[in-house]
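In what follows, a single structure is set out as structure tokens and then discussed.
Please read all numbers here as calculations on a predicted model, not as lab measurements.
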Amino acid sequence: MTKPKKQTALSAKELRYMCALAEKFPNTAFAASEIIRIEALLRLPKGTEHFMSDLHGENEAFIHILNNASGVIREKIDNLFSKTVSAPDRADLATLIYYPAQKLPELKARTGDLNDFYSVTLYRLIALCRLVSSKHARAHVRKYLPSSCEHILDELLHAHFEDHNKDLYYSEIVESIIRNDRADAYITRLCGIIKRLAVDRLHIVGDLFDRGARPDQILDTLIAYRDVDIQWGNHDVVWMGAAAGSPLCVLTVLKTTLSYNNLDVLETGYGISLRTLDQMAEHVYADSDLALWRSKDETRGGTHWHDCARMHKAVTVMMFKAEAAVIARNPDFKLEGRDFLNHIDYAAGTVVRGGKTYSLRECDFPTVDPDEPTRFSPEEESVLHDLVRGFRESERLQRHVQFLYAKGAAYTCFNGNLLYHGAVPMTEDGEFAVEVFGGKRYSGKSLFDYCDRRAREGYFSPEGSAKRQAGQDFLWYLWCGPLSPLYGRSAMTTFERIYIEDAETHKEIKDPYYQCIADPGAAEKILAEFGLVHESSHIINGHVPVRAVEGENPVKAGGKLIVIDGGFCRAYHKQTGIAGYTLVYNSHGLTLRTHQPFESAKKAILEDEDILSRSEIIYTAPRRMLVADTDAGREKAELVGDLRQLIEAFRSGEVQEDTLLS
């Protein structure tokens with residue numbers, strides 16, 4: 001007689017998962033302990049998120065706003081010490097937290113009693129650190145404690161100073177730190193812990209590169225930051241294409257860099273030599289009129305403006321040649337007519353644009369053969385080869401771009417909010433604009449997903465493959481294409497602004513998206529397209545500087561969309577009237593911070609000059625948000641359900657329980 005098989009409540013797939021889960025939680029005690037830990041964790045307040053956008057290489061201002069968490073740290077100092085510590089001393093404490101290595105020697109130099117200074121400062125930092133760590137689990141706090149002094153800091157941060165049985169114990173820890181010459185180290189470490197615990201997640205909504213002096217230093221800082229995501233901007237993807245080896249992206253990056261005389265980021269930051277370019281430009285353009293090619297900032301670097309202008313002109317002409325080749329092999333880009341070197345009458349000094357003929361401001365093209373205008377001269381070919389090799393072989397640039405791919409994307413949905421840099425291309429009647437690539441139609445979310453995939457192909461596809469070259473061409477399209485969600489304008493009018501006098505040709509018409517988002521319905525439609533339908537969901541957008549000086553409001557669509565590009569870059573300060581926006585999302589809601597210009601880190605350290613900011617509440621949660629309300633919290637809640645199922649499988653015998661482990 002055949003023995004009947006035991007009935008199982010789990011499918012084969014579920015059973016495999018339960019067995020895999022049991023490897024980590026081998027018995028009921030382990031599983032139950034994890035359930036208890038998670039359920040408690042879900043009741044903690046939601047961590048603070050910090051949003052920044054359009055940094056454009058402004059390293060000092062970025063570091064300062066990162067250090068002060070858009071004013072969050074100063075607010076906590078004032079809340080904790082407003083009744084017991086004077087305003088100047090609170091300012092000193094804030095600056096110490098922002099710049100401990102630089103501020104600490106200055107504070108020590110003007111103190112009378114060093115031991116008293118150390119004691120007071122340590123107790124204040126411990127109190128502040130306890131405040132910012134209060135909404136985190138102890139295990140989370142430990143992640144940020146240096147291993148060399150983890151147990152000491154853990155004791156101090158979780159001390160019960162009201163427990164008089166331990167008065168001597170806690171005071172002896174502080175006195176021993178001072179007595180053993182470790183006060184400077186502990187002060188520095190406490191400052192770092194405060195800054196990291198004040199913000200749980202950092203979001204960079206695009207455009208780290210160009211204009212400002214040192215985007216490379218910004219990226220070094222972000223790599224060292226644990227919890228960060230990046231939404232690519234059009235200035236980022238063109239650098240990604242350059243690092244991948246796209247000649248056109250290399251030339252585009254160089255054109256922008258030279259137009260701001262920002263050679264330091266290339267030569268010092270990334271070790272990319274411009275020697276052969278300089279030599280070629282000096283030879284070919286020795287007699288050229290350089291009036292149109294002067295840098296927008298001639299105060300930077302040690303390069304003479306004539307040398308920079310000649311390289312700027314040489315690179316730009318080469319860029320137009322490379323653009324023509326990319327446009328020719330990518331009809332899907334719909335950029336016919338923008339291969340301008342093919343539309344110039346070199347004898348007459350005119351160009352055809354949009355069916356109309358314009359006179360050129362200059363017609364000096366010594367490397368252009370009118371019969372084959374897009375062919376590189378032998379000298380240009382040699383220079384371009386060296387430049388591409390320089391970008392490919394820069395280890396630091398490759399590390400930074402790999403980080404952008406690892407932590408970045410065309411968009412991000414995080415805790416109910418939708419983050420992207422540019423625009424969701426739309427038609428004038430508010431529908432999602434359709435773009436056709438490879439015979440397939442893309443719009444809305446599918447367009448973003450397609451752009452993300454193609455951007456990765458340009459860097460990760462096999463060397464020499466057609467897919468890699470096509471992906472690199474697409475990275476350039478994302479920089480300036482009319483339906484690129486990272487660009488959001490009709491055209492990049494670089495040629496017109498250089499060569500054509502008529503200002504009407506210089507206009508870069510914004511995508512209808514920027515008109516549509518005045519309507520709350522448009523924002524709701526976009527959020528729904530990305531699967532976000534909660535009342536608390538918002539769109540966080542960058543890319544187009546908000547002209548606050550003209551009364552423009554960064555909050556649009558009835559409060560559902562916030563544009564946080566307010567002119568972080570110095571080049572935009574006059575246009576916007578401010579120095580950028582940032583956004584803070586804590587357990588109580590969303591707060592927009594409006595910043596005034598930042599002069600320098602040196603002045604901040606010596607004079608306690610913080611960035612002046614104004615706060616505006618955008619959204620107040622109906623109740624305080626908890627970890628349970630976050631994406632991570634929902635994942636943890638699902639794990640609780642799985643663990644309960646595992647315990648049932650242990651009890652039913654469907655999964656073997658290791659009862660010997662305790």
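- The main-chain N or O of T630 is never found under 3.5 Å from a side-chain atom of N415 such that the two would form a donor-acceptor pair.
- No donor-acceptor distance shorter than 3.5 angstrom exists from the side chain of R489 to the backbone of S484, with no hydrogens or angles considered.
- With H203 as the fixed residue, the ring-ring contact (aromatic ring centres under 6.0 Å, His included) test singles out one of F51, Y225, Y585, Y411: F51.
- Atom CZ of R226 has more than 12 heavy atoms from other residues, nucleotides or ligands within 6.0 Å.
- Contact between K525 and G430 at its shortest, heavy atoms only, is NZ-O, 3.2 Å.
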Practice item. Would you check, one step at a time, whether the test side-chain hydrogen bond (donor to acceptor under 3.5 Å, both in side chains) holds for N541 with H421? Key: CA-CA 5 Å; N541 201 170; H421 177 70; over 6 Å; no
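- In the model, Y270 has no side-chain atom that pairs as donor or acceptor with a side-chain atom of R396 under 3.5 Å.
- The six-membered or imidazole ring of F437 lies near that of Y477, with a centre-to-centre distance under 6.0 Å.
- Formation of a donor-acceptor pair under 3.5 Å by the N586 side chain with backbone atoms of G589 is found in this model.
- Summarising the local packing, NE2 of H506 is surrounded by more than 12 heavy atoms from other residues, nucleotides or ligands at distances under 6.0 Å.
- Considering every non-hydrogen atom in both G559 and H538, the closest pair reads O-CD2, 3.0 Å.
- E323 places no side-chain N or O within 3.5 Å of a backbone atom of L248 that could act as its donor or acceptor partner.
- Between W239 and H400, the ring centre distance reaches or exceeds 6.0 Å.
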Practice item. Determine, step by step, whether R624 and S587 satisfy the side-chain hydrogen bond (donor to acceptor under 3.5 Å, both in side chains) criterion, reporting the C-alpha distance in whole Å, the side-chain angles of both residues, the deciding distance to 0.1 Å, and the verdict. Key: CA-CA 5 Å; R624 193 174 193 188; S587 59; 2.8 Å; yes
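- The environment of CD in E616 is crowded: more than 12 heavy-atom neighbours from other residues, nucleotides or ligands sit within 6.0 Å.
- The CE atom of M625 sits 14.5 Å away from the CG atom of L44 when rounded to the nearest 0.5 Å.
- Between E395 and R399 there is no salt bridge, since no side-chain N of the basic residue sits under 4.0 Å from a carboxylate O of the acidic one.
- Salt bridge absent: K46 and D200 never bring a charged side-chain N and a carboxylate O closer than 4.0 Å.
- Annotation: cation-pi geometry satisfied between K510 and Y514 (NZ/CZ under 6.0 angstrom from ring centroid, within 45° of ring axis).
- F460 and Y405 have their aromatic ring centers within a separation under 6.0 angstrom.
- The minimum heavy-atom distance linking L208 with P215 is given by the pair O-CB, 3.3 Å.
- A pairwise comparison of heavy atoms in S70 and H50 identifies OG-NE2, 2.6 Å as the closest pair.
- Note that NE2 of H534 is 12.5 Å distant from CG of L527, once rounded to the nearest 0.5 Å.
- Taking all atoms of both residues into account, the shortest heavy-atom contact from Y260 to S295 is C-OG, 3.4 Å.
- One finds no salt bridge joining D449 and R453 here, because no Lys/Arg side-chain nitrogen approaches an Asp/Glu carboxylate oxygen to under 4.0 Å.
- Between Y420 and F448, the angle of the ring planes lies from 30° to 60°, which puts this pair in the tilted group.
- Annotation: K143, atom NZ; neighbour count of heavy atoms from other residues, nucleotides and ligands within 6.0 Å is above 12.
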Check your understanding: Run the side-chain hydrogen bond (donor to acceptor under 3.5 Å, both in side chains) check on Y619 and E535 step by step: do they pass?
Key -> CA-CA 10 Å; Y619 167 74; E535 182 185 346; 5.6 Å; no
Check your understanding: Taking it one step at a time, do Y450 and E435 satisfy side-chain hydrogen bond (donor to acceptor under 3.5 Å, both in side chains)?
Key -> CA-CA 11 Å; Y450 178 80; E435 181 66 294; over 6 Å; no
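- Heavy atoms of other residues, nucleotides or ligands lying less than 6.0 angstrom from CD1 of I509 number 12 at most.
- Aromatic pair F209/H56: ring centres not closer than 6.0 Å.
- The CD1 atom of I63 lies 12.5 Å from the CD atom of E58; values are rounded to the nearest 0.5 Å.
- For an aromatic pair to be called close, the ring centres must be under 6.0 Å apart, and F432 with Y513 fails this.
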